[in-house]
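Okay, structure first, notes after.
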Number of protein chains: 2
Amino acid sequence: LHEEDSDRVYDLVEPLHPADIADLFELVDERERLTLARSIRDLMGVEVIAEMNDWVREALMEALPADVVAEIAGELDTDDAVAMLEDLDEEDQQAVLAEMEPEDRAAIESALSYPDESAGRMMSRDHVAVPETMTVGDLIDYLREHRELPTEFWEVFCVDPMHRPVGTCALSWILRCPRNIPLYDVMARDQTLIPADMDQEEVALRFQKYALISAAVVDKSGRLIGQITVDDIVHIIQEEAGEDALLLSGAGDGDINEPIRDAYSARVRWLIANLLTATLASSVIAMFEDTISRMVALATLMPIVAGLGGNAGTQTLAVTVRALATNQLTASNAWRAVRRELSIALLNGCTVAVVIGIAVSLIFGNVILGLVIALAMMTNILIAGMAGVFVPLTLERLKADPAIASSIFVTMTTDSMGFLVFLGLATVSGLVG
Amino acid sequence: LHEEDSDRVYDLVEPLHPADIADLFELVDERERLTLARSIRDLMGVEVIAEMNDWVREALMEALPADVVAEIAGELDTDDAVAMLEDLDEEDQQAVLAEMEPEDRAAIESALSYPDESAGRMMSRDHVAVPETMTVGDLIDYLREHRELPTEFWEVFCVDPMHRPVGTCALSWILRCPRNIPLYDVMARDQTLIPADMDQEEVALRFQKYALISAAVVDKSGRLIGQITVDDIVHIIQEEAGEDALLLSGAGDGDINEPIRDAYSARVRWLIANLLTATLASSVIAMFEDTISRMVALATLMPIVAGLGGNAGTQTLAVTVRALATNQLTASNAWRAVRRELSIALLNGCTVAVVIGIAVSLIFGNVILGLVIALAMMTNILIAGMAGVFVPLTLERLKADPAIASSIFVTMTTDSMGFLVFLGLATVSGLVG
């Protein structure tokens with residue numbers, strides 16, 4: 001599949017679905033992407049561009065002149081055009097907007113005026129809104145006659161004279177009702193309205209909770225200004241839910257198409273922050289240099305106490321962050337979650353303490369050392385459980401994203417406390433004489 | 001909101017959406033759930049039960065007699081009834097099935113015959129299938145006359161005389177076409193068919209990739225047997241994408257409603273596995289007891305080298321696991337991903353090595369110690385980058401889930417190698433004389 005013979009490439013790519021062509025761009029090497037785009041120029045429909053990975057698309061768009069990008073943006077649906085343009089830097093964005101038709105430009109500029117990652121950015125302005133007094137028959141005739149209406153929609157919104165949504169009709173209900181029934185007898189009045197400035201994560205949770213296919217987006221005065229359909233939400237749910245693992249590890253965006261420079265800058269910042277917290281753990285060890293020099297076996301065993309505590313803390317953390325992200329954990333059941341995590345920590349702590357206590361007593365032939373490590377392990381796993389649930393709860397209460405900073409604090413706690421409790425107990429127990 | 005006065009509770013709960021009532025069950029204490037269910041008995045519609053968290057529902061269902069569960073299952077859509085019954089243990093399941101209407105029982109038994117988490121389990125048998133030769137007008141009349149058809153559907157499937165799907169019509173296309181047009185001129189022939197034994201994760205990726213609203217499910221001979229709609233997929237995308245963070249940390253299912261016993265058993269197994277790998281790191285340290293006893297500062301610094309390596313490895317791991325889960329990373333671009341991760345590791349390694357090298361040289365007034373730790377850090381971050389990308393790729397190739405076991409192997413590698421390289425270099429460099 002190399003670009004020597006562009007006709008052969010064209011023949012191979014032609015039968016593919018636009019989403020598959022978009023994926024193809026991710027698979028080929030960065031330097032070959034432009035060559036590929038040139039060989040299959042007339043297959044590069046707007047669907048292909050809409051489906052592309054953000055990073056891949058951004059790089060391609062930056063390589064194209066502003067008027068070509070403007071032409072592509074004009075053909076895309078508003079929401080896809082916005083997704084494409086919001087990634088460009090300010091200057092390129094202005095250049096592209098200047099080249100666009102006034103009407104498209106106005107739509108995009110108005111979408112860009114909403115906050116990043118808000119409903120206003122992702123909504124499509126195309127929607128079908130009709131008065132609730134219309135009958136099913138009139139609606140069907142209206143849809144047949146008005147060619148300029150969107151081609152893909154799943155629900156029709158009924159609005160009052162002020163253009164405020166009053167009900168929603170699924171197309172299946174419309175199809176199954178006799179022509180003379182008015183829409184106010186068909187529509188569901190119980191609807192989920194999305195304010196234009198709502199965060200996309202919240203929008204996704206609403207769609208999921210109420211099993212929505214589409215939803216009306218309203219402005220501050222309650223007027224219907226667009227709709228969001230579930231196919232746009234699916235990407236967001238995927239991204240937001242998958243983000244936790246990346247954020248907890250400090251891997252930033254974590255997309256394999258992100259430029260190396262950006263990935264490096266996100267990850268190295270995290271490593272340096274971890275370096276600083278690691279020095280805290282080191283200084284705890286330094287306090288016990290005398291104890292260690294009298295019994296070097298302690299240096300051998302101390303990473304086990306700190307490491308297992310870190311593992312236990314990460315488990316609790318992952319569960320808590322997930323429950324917070326899905327709104328399963330709120331202020332009203334926080335104490336129950338805390339009690340639950342501490343019970344699990346107690347059970348885990350006892351089990352691990354017994355195993356390591358017996359193993360160390362036997363291997364080192366030293367029961368006191370076994371007791372010291374068992375007690376230290378028990379304590380550190382309990383501390384880990386507390387840190388794993390309290391750190392994210394506190395960050396959430398402080399309106400910070402618990403997935404971003406929690407794991408640094410939790411590992412710092414389990415490392416330092418692991419060393420402190422283990423070496424401290426070894427010192428005071430008279431183990432090292 | 002306590003259950004003293006069940007009438008007041010009823011009045012408070014009555015105006016809520018079924019999904020909100022289902023959430024309420026998660027928020028109240030376990031012991032109060034049955035009381036709550038009793039107070040609002042006639043609000044406990046099937047929608048509430050379908051929306052409940054799996055664990056909460058399972059506990060409630062186990063508390064109810066088989067004939068009541070059977071009655072509830074009979075009212076639910078097949079897919080929701082299957083989701084409810086598959087969690088029960090074999091004996092309860094049989095008892096409930098025995099109480100059901102023969103027709104419902106046959107539908108559920110046939111769904112349960114497909115593998116766990118497959119398309120056959122989650123599909124709904126209710127769907128609209130018509131011959132492609134029907135006209136738009138005839139279809140509308142057919143839908144109006146046949147009351148037994150499903151109430152919620154978004155696409156109509158066209159089938160051949162063997163009941164094999166040949167095309168799909170979105171309802172909006174049907175509504176917008178004149179009555180005399182035959183369906184074969186309206187339908188999209190390019191459709192995504194889902195084999196009944198396809199894994200739900202794969203189904204979710206298809207829906208996401210091709211922006212599907214619903215899709216036909218076919219059996220081995222290609223006959224249409226049901227449909228899957230996007231609202232069922234949204235939960236799966238959410239679960240599958242969020243699972244990575246939990247699996248990487250060894251927290252098992254990680255749902256805060258999971259019984260403590262199950263959570264303990266999942267997590268303690270992981271901690272014991274980590275205990276075993278931690279002893280490997282310990283035995284590496286034990287090899288250098290003599291070196292440490294001659295320079296206790298090494299014991300202070302060694303956790304930094306191992307810990308930062310662990311962090312860097314976890315970052316690479318999170319990115320790789322995510323890319324594998326979303327099919328962004330496949331055999332054809334694996335080498336590019338490896339090169340990318342190693343480049344980032346090289347940059348991270350150099351940066352962290354310079355910082356720690358200078359800091360240690362200054363703090364300990366020992367340039368050789370600074371050089372040793374810088375070189376060890378550099379090496380360990382490179383090793384971490386390799387482990388973080390090769391371990392999940394290898395597990396994937398061995399058909400194991402890379403999210404489950406990767407992190408144990410990666411931390412084991414970064415811990416052992418961190419200690420080995422740092423203490424080894426300290427020994428051979430002549431640092432400890």
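Side chains are part of it too, since the values below use all heavy atoms of this structure and drop only hydrogens, waters and symmetry mates. Remember, it's a predicted structure, so these values are computed and weren't measured experimentally. A note on names: the letters A, B, ... follow the listed sequences, proteins ahead of strands, and every chain is numbered from 1.
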[options]: which one forms the most heavy-atom pairs within less than 4.5 Å of chain B?
options	result
A:R267, A:Q328, A:K209	A:R267
A:E240, A:R261, A:E51, A:E341	A:E341
A:L247, A:D244, A:I285, A:I272	A:I285
A:F288, A:W154, A:W173	A:W154
A:A211, A:A170, A:A345	A:A211
A:R322, A:M302, A:E26	A:R322

For a quick test of reading the model, state the closest non-hydrogen atom pair linking [X] to [Y] and the distance between them.
X	Y	answer
A:I260	B:I344	CG2-CG1, 3.8 Å
A:A251	B:Q315	CB-O, 3.8 Å
A:E289	B:V296	O-CG1, 3.6 Å
B:T326	A:Q238	CG2-OE1, 3.8 Å
A:I237	B:V234	CD1-CG1, 3.3 Å
A:Y264	B:N348	CD1-OD1, 3.2 Å

Please enumerate all residues that pass side chain to side chain donor-acceptor pair (under 3.5 Å) together with B:R269, with sequence neighbours excluded. B:S265
Ignoring hydrogens and geometry beyond distance, is a side-chain donor-acceptor pair present between B:D231 and A:Y210 at under 3.5 Å? no
Using heavy-atom distances under 4.5 Å, tell me whether [X] contacts chain B through its side chain, its backbone, both, or neither.
X	result
A:L324	neither
A:V268	both
A:A299	both
A:A297	both
A:T229	neither

Say whether, by atom type as modelled, one donor and one acceptor occur between the side chain of [X] and the main chain of [Y] under 3.5 angstrom.
X	Y	result
A:S282	B:T300	yes
B:R336	A:L27	yes
B:R144	A:C177	yes

Answer with side chain, backbone, both or neither: which region of B:E145 has an atom nearer than 4.5 Å to a non-hydrogen atom of chain A?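 It is neither, since no heavy atom gets under 4.5 Å.
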So, the part of B:T277 with a heavy atom under 4.5 Å from chain A: the answer is neither
